[in-house]
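Only one structure is covered here, and it is reproduced in the block below.
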Amino acid sequence: DCNLQRRTLITPCSTSSQQQSEVVGIQFAMKGPPDLMAQLKARSGAANDGDEVDAGNGKKQAPPGLMAALARKAPGAGGPPTAKKEKKEPVAVCPEGKLFHYDESLDAFLFDFSKDSPRLTADVNGQADTDILVPLPNCIYRLSDYTLAKKEPILLKRCLLKLNVLRCLAREQQNLNNLLWHRFSPSAGQNRTLEEDELGKARFMELISNCGVFQKVSELILQRAGKVADRIAENSTVSGDGSNNNPYRIPQVKVEGLEDFLQKIEDLTPSLAQAREEIEKTQSVSFYPGLGELFSPGSKLLCYPDGMEGSPLGCSCVQAWYSEELNKATNKMKRRFVLVIEFMVSVGDELVFVAATDVYPEFFDPTRNVPLRDLTHRKLNENNPQDASLLKRLQQRGEFYASVATSNHFLEYYPNSFYPIIGGGWSNNAIRPLSKGGRVMVDVKRGILEGHLPIRATSDGMSDTVKEAIKLFEQNKRTGIAVPFRTAIIPGFDTVHLSKKKRLALGDIEEQGDSDRPNLWQSWPMLTGFSFTARVWGKLLLGMPKEGPALPRQGEIVKRPSKARMGVELGGLGGEGSCGNCGYIVFQEQAFDQLVLAEDKKELIRAVARNAGGGSQWDFDDDDDEEEEDDTEDVGLDVVANKGGASIFLLHGPPGCGKTLTAEAIAELLRKPLYIVTAGD
């Protein structure tokens, strides 16, 4: 049978080429499995879909498969419906007439972007184009780490993380307005101008520097300040009734709606008020949001820098925020609290405010509170009698620091307060203090030139900040590059030493509101100087003044400012404030009277010593009213000028006759420390 033979050819053992060709040729006579036949039919239909079909009248038409596909795509035709494009949800926008709006569904804030440029507005007295209005969205987006161009809603959670930065903006806005008001108000005593460099160092301007409005706000402030200065110079006021409290139209800067925005955050987050109440009642704090409420901007803090032997440093909180970072290895969120504090330090010629950053990592157990005493910084409460007394003592030490830190001064130090410097360079350090007291010339400026810095720690954040500030100011003197630190304004601090005529010329400038004298409690507790006793440079640690009235001491403290006469730096003898382990020298002028010597010889020594180097310029018993400020007065009594102007005494005699006592008595009489040089020196 032929069919039987063909079937027998299809066997697994058929391997010849002839047999394989027969298999291919007779597949049409075989009945394969159903799934194989279905695949062959599907392939055959797909191949025919692309061929044109003869309609019978000589015309070609599209194959039926193509026609079916076109029919399915035609609108209104049968078949499965085509996929529809998804409609975008409407973008949430701020309601018209509102600066911002809280959307509960998004848990975020929406803002009005119609007014995105600073502009002039009327002040509280209705005077047009007086105050400067800063748009709210520009500041909020930048300080919350959002991109303004995207205009996306700002989550409430992000605002809470950056809440103290926004509070800092509101506080520094008020500080800038106080500066403008007291700088140009006629009641301040002096009419001065505001320089662009000084304005740029204001912290409010630093905060808005990346908000896209810095340049415009700066231009508006300087323009308005110039017009105010012109009005004051011409003594022309704005017409109106006597109720106008701003007759010269002094500008005030306002971030539009900032106070309302902060209040809205408070209303939406009751946990903030609960955290403050918990801190007050339990004297403990949680990590979030407790640390943020404890260290709010403007808080007065107390800390203990490394290397200061327990001497405290007063500082104020500038700003703070929470940071979150995802650890990709463990997939856990790392949370930290960043605290920025500010204090005051001398850079040689002036006092400046510097800022240091400290970080609190998340507590080991975030669900439990930490006692306030275990924190690195302690918040001072002015309503607490102990804290109020501590702030008063810090202020006394700060005034002492400001009196001697920007010029050379003669002081006396007590045992264990002067740390001699062994070696040199910026990394030198003083390990042990001297066990005996002595007299020292404090000269921070000269110490910096010698490479001696008023720090003892090696890796402390605040000490590193002091070192960096001094280096930047030294670089500024050589290159002229601006420094990012604000100079302390202490007008009239040394007017107590001036003559009555000059004090009258300066006016009552101690009443100016832009003075930083109330902030001297934040002064750094260390100075550099040269010890006359140990004959070595060192670091002078300023201890805290004792509580209560000072103990009476023999003699009278003579206050004298540091001056330059005939090219010679005359060290100051006294100033303001007090310190616990060093102070102003009390000279024993009666020692000369106890010197056993003939009166004619004593009078000769007294006269020659007082007139040494130029006559009455060294005599401080003259009336201040007759004092002249001319640096060339009393050139000297010698015929040849500028050949030294000093007197040399040669004292000889047996031991015990009074040679050393004579030198010591003359030094006390002239109110100058005695510097002893031995043959070995």
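Residue indices begin at 1 and follow the sequence shown. All heavy atoms count here, side chains included; hydrogens, waters and symmetry mates do not. Not measured: the values here are computed from a predicted model.
- We find that Lys254 and Asp131 are joined by a salt bridge, their nearest charged nitrogen and carboxylate oxygen being less than 4.0 Å apart.
- Ser271 and Thr269 share no side-chain donor-acceptor pair at under 3.5 Å.
- A ring-centre distance under 6.0 Å is not found for Phe343 and Phe353.
- The shortest distance between side-chain heavy atoms of Ile265 and Phe109 falls below 4.5 Å.
- Residues Phe295 and Leu375 have side chains in contact (heavy-atom distance under 4.5 Å, counting atoms from C-beta outward).
- A 4.5 Å side-chain heavy-atom check between Cys94 and Phe111 finds every atom pair outside the cut-off.
- Contact check on Lys281 versus Glu277 returns a salt bridge, with a Lys/Arg side-chain nitrogen under 4.0 Å from an Asp/Glu carboxylate oxygen.
- In summary, Lys98 and Asp112 do not engage in a salt bridge, as defined by a charged side-chain N under 4.0 Å from a carboxylate O.
- Atoms CD1 and CD, from Ile132 and Glu219 in turn, are 11.0 Å apart once rounded to the nearest 0.5 Å.
- At a threshold of 4.5 Å between non-hydrogen side-chain atoms, the residues Pro137 and Asp116 do not count as touching.
- Taking CD1 of Ile154 as the start and CG of Leu110 as the end, the distance is 9.5 Å to the nearest 0.5 Å.
- Separating the CG atom in Leu391 from the CD atom in Gln395 is a distance of 9.0 Å, to the nearest 0.5 Å.
- At a cut-off of 3.5 Å, with distance as the only test, a side-chain donor of Tyr360 or His377 sits close to an acceptor on the other residue.
- For the residue pair Gln522 and Ser316, a side-chain donor N or O sits within less than 3.5 Å of a side-chain acceptor on the partner.
- With respect to the salt-bridge test (charged N to carboxylate O, under 4.0 angstrom), the residues Glu293 and Lys379 do not qualify.
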Check the pair Leu326, Lys334 against side chain to side chain contact (heavy atoms under 4.5 Å, CB included), reporting the backbone distance first and the verdict last.
CA-CA 6 Å; Leu326 181 63; Lys334 181 181 179 182; over 6 Å; no
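- To the nearest 0.5 Å, atoms NZ (Lys300) and CH2 (Trp521) are separated by 5.5 Å.
- Using a 3.5 Å distance cut-off with no hydrogens or angles, the side chains of Gln252 and Asp123 do not pair a donor with an acceptor.
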Side chain to side chain contact (heavy atoms under 4.5 Å, CB included), that's the test. Do Phe204 and Asn175 meet it? Break it down for me.
CA-CA 8 Å; Phe204 177 83; Asn175 291 340; over 6 Å; no
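- The ring pair (Phe, Tyr, Trp, His ring centres under 6.0 Å) test with Phe100 is passed by exactly one of Phe261, Tyr141, Phe113: Phe261.
- Side chains of Thr130 and Arg249: a donor on one and an acceptor on the other come within 3.5 Å.
- The backbone N or O of Arg517 sits less than 3.5 Å from a side-chain atom of Ser515, completing a donor-acceptor pair.
- With hydrogens and angles disregarded, a donor-acceptor distance shorter than 3.5 Å links the side chain of Asn246 to the backbone of Ile250.
- Here the side chain of Trp524 pairs no donor or acceptor atom with the backbone of Ile455 at under 3.5 angstrom.
- Atom CD1 of Ile489 is separated from atom CD of Glu350 by 11.0 Å, given to the nearest 0.5 angstrom.
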May I have the step-by-step check of salt bridge (Lys or Arg N to Asp or Glu O under 4.0 Å) for Glu256 and Lys115, ending in yes or no?
CA-CA 10 Å; Glu256 189 175 14; Lys115 300 177 181 178; 5.2 Å; no
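- Side-chain contact of Asn164 with Tyr322: a donor-acceptor pair under 3.5 Å is absent, judged by distance alone.
- Between Cys211 and Leu207, the shortest heavy-atom contact is SG-O, 3.7 Å.
- For the pair Gly290 and Ile279, the tightest heavy-atom approach, listed with the atom from each and the gap, is O-CD1, 3.6 Å.
- Looking at heavy atoms from C-beta onward, Glu474 lies out of side-chain contact with Lys471 at the 4.5 angstrom threshold.
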Run the side chain to side chain contact (heavy atoms under 4.5 Å, CB included) test on Phe214 and Met205 for me, step by step, so that the C-alpha distance in whole Å, both residues' side-chain angles and the decisive distance to 0.1 Å come before the verdict.
CA-CA 7 Å; Phe214 175 85; Met205 304 301 294; 3.6 Å; yes
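- In Lys227, the NZ atom is not crowded: 12 or fewer heavy atoms of neighbouring residues, nucleotides or ligands sit closer than 6.0 Å.
- Taking 4.5 Å as the limit, some side-chain heavy atom of Lys477 sits within range of a side-chain heavy atom of Asp349.
- Met526 and Leu541 get closest at one heavy-atom pair: CE-CD1, 3.9 Å.
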Please report the C-alpha distance between Lys264 and Asp260 in whole Å, then the side-chain angles of each, then the deciding distance to 0.1 Å, and finally whether the salt bridge (Lys or Arg N to Asp or Glu O under 4.0 Å) criterion is met.
CA-CA 6 Å; Lys264 184 65 175 179; Asp260 296 336; over 6 Å; no
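- Among Ile208, Leu220, Leu176, the single residue meeting the side-chain contact (heavy atoms from CB on, under 4.5 Å) criterion with Val253 is Leu176.
- Using a cut-off of 4.0 Å between Lys/Arg side-chain N and Asp/Glu carboxylate O, Glu172 and Arg203 are scored as salt-bridged.
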Kindly indicate, with the supporting measurements, whether the criterion salt bridge (Lys or Arg N to Asp or Glu O under 4.0 Å) is fulfilled by Arg456 and Asp306.
CA-CA 7 Å; Arg456 294 189 65 237; Asp306 292 345; over 6 Å; no
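- The backbone N or O of Gly292 lies less than 3.5 Å from no partner atom in the side chain of Ser296, so there is not a single donor-acceptor pair.
- Of all heavy-atom pairs between Ile341 and Val318, the closest is C-CG2, 4.1 Å.
- Contact check for Tyr288 versus Leu161: side-chain heavy atoms found under the 4.5 Å cut-off.
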Just do the side chain to side chain contact (heavy atoms under 4.5 Å, CB included) check on Leu291 and Phe363 with the steps written out, would you?
CA-CA 11 Å; Leu291 285 179; Phe363 298 159; 4.1 Å; yes
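- In this structure, the separation between OG on Ser389 and CZ on Arg393 is 6.0 Å, given to the nearest 0.5 Å.
- Heavy atoms only, all atoms of each residue included: Phe287 and Pro361 are closest at CE1-O, 3.6 Å.
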Passes salt bridge (Lys or Arg N to Asp or Glu O under 4.0 Å), Asp516 versus Arg486? Steps please.
CA-CA 11 Å; Asp516 289 311; Arg486 182 175 70 88; 3.1 Å; yes
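- Side-chain contact between Cys139 and Leu169 is present, with heavy atoms from C-beta onward closer than 4.5 Å.
- For Glu362 and Lys332, the salt-bridge test fails: no basic side-chain N is under 4.0 Å from an acidic carboxylate O.
- Using a distance-only test at 3.5 Å, with no hydrogens or angles considered, no donor-acceptor pair links the side chain of Asp387 to the main chain of Leu380.
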Are Tyr248 and Phe184 close enough, and set up right, to give a ring-ring contact (aromatic ring centres under 6.0 Å, His included), and what steps lead you there?
CA-CA 9 Å; Tyr248 295 100; Phe184 295 102; over 10 Å; no
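- A donor and an acceptor atom, one from each side chain of Gln173 and Asn177, are nowhere located under 3.5 Å apart.
- Each of Ser523, Ser578, Ser311 was evaluated against Arg397; a single residue qualifies, Ser311, per the side chain to side chain donor-acceptor pair (under 3.5 Å) test.
- Shown here for Leu351 and Ala405, the closest heavy-atom pair between the two residues is CD2-CB, 4.3 Å.
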